[in-house]
Amino acid sequence: MSTRQHPLTKDEIECTFARTTGPQTGPILSPQQLALLLNLSVKTIYEWIARGRLDGSFRKRGKHVLIWRDRALKQIFNSAEWSSDDRPRK
């Protein structure tokens, strides 16, 4: 079943972080924290930023990147399916 038909709701995202198990994160993450949360490489997160896949979910301040956790997760899990040659690689 496609996630396009059943997008994650704000409550589903918040429920994930309300539990006491799993990684504890704040609402704003570094690329390293997002990579750890999603079990991806940091390089993948920076690649997504460069390709615009996280537009609206982050801000750059000098060398620093700040990512809004809930926006990024909603964007990642509810976005259109990616073609096979655009899939992120570890």
Side-chain angles (χ1 to χ4, degrees):
M1 194 169 283
S2 171
T3 57
R4 295 186 77 183
Q5 295 173 1
H6 302 286
L8 289 175
T9 65
K10 183 179 178 185
D11 291 336
E12 288 174 319
I13 293 171
E14 288 175 357
C15 179
T16 302
F17 296 99
R19 296 185 182 125
T20 56
T21 59
Q24 298 298 315
T25 63
I28 297 177
L29 307 174
S30 68
Q32 293 80 7
Q33 290 170 315
L34 183 61
L36 182 63
L37 182 67
L38 297 172
N39 197 28
L40 297 170
S41 72
V42 177
K43 182 178 177 182
T44 298
I45 303 302
Y46 280 110
E47 190 174 302
W48 286 354
I49 290 170
R51 290 184 180 193
R53 291 188 175 158
L54 293 177
D55 283 354
S57 298
F58 73 95
R59 292 289 184 266
K60 284 187 176 183
R61 295 293 178 248
K63 294 181 181 181
H64 301 281
V65 177
L66 303 174
I67 302 169
W68 282 270
R69 180 195 64 211
D70 294 346
R71 281 188 190 179
L73 292 176
K74 187 174 182 180
Q75 208 164 348
I76 290 165
F77 287 104
N78 294 331
S79 66
E81 293 180 6
W82 298 331
S83 65
S84 60
D85 54 349
D86 276 343
R87 274 190 228 155
R89 295 175 182 86
K90 280 190 171 182

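Please read these numbers as outputs of a predicted model, since none were measured by experiment. One-based numbering along the sequence shown.
Residues Arg53 and Gln75 share a closest heavy-atom pair of O-NE2, 3.4 Å. Between Arg69 and Leu37, the closest heavy-atom pair is CG-CD2, 4.3 Å. The minimum heavy-atom distance linking Ile76 with Leu38 is given by the pair CD1-CD1, 3.6 Å.
Every residue two or more places apart in sequence or in another chain that forms a side-chain contact (heavy atoms from CB on, under 4.5 Å) with Ala72 is listed here: Leu34, Leu54, Ser57, Ile67.
Hydrophobic clustering (ILVMFWY, side-chain heavy atoms < 4.5 Å, transitive): Leu40 and Leu66 are in distinct clusters. Ile28 and Ile49 fall into different hydrophobic clusters, defined by Ile, Leu, Val, Met, Phe, Trp and Tyr side-chain heavy atoms under 4.5 Å apart, directly or through other members.
A salt bridge between Arg51 and Glu47 is present, with a side-chain N of the basic residue lying under 4.0 Å from a carboxylate O of the acidic one.
Side chain of Gln32 to backbone of Val42: no donor-acceptor contact under 3.5 angstrom is found.
For the atom pair CZ (Phe58) and CH2 (Trp48), the distance works out to 13.0 Å, reported to the nearest 0.5 Å.
Here side chain to side chain donor-acceptor pair (under 3.5 Å) pairs that include residues 59-68, with residues two or more places apart or in two chains, number zero.
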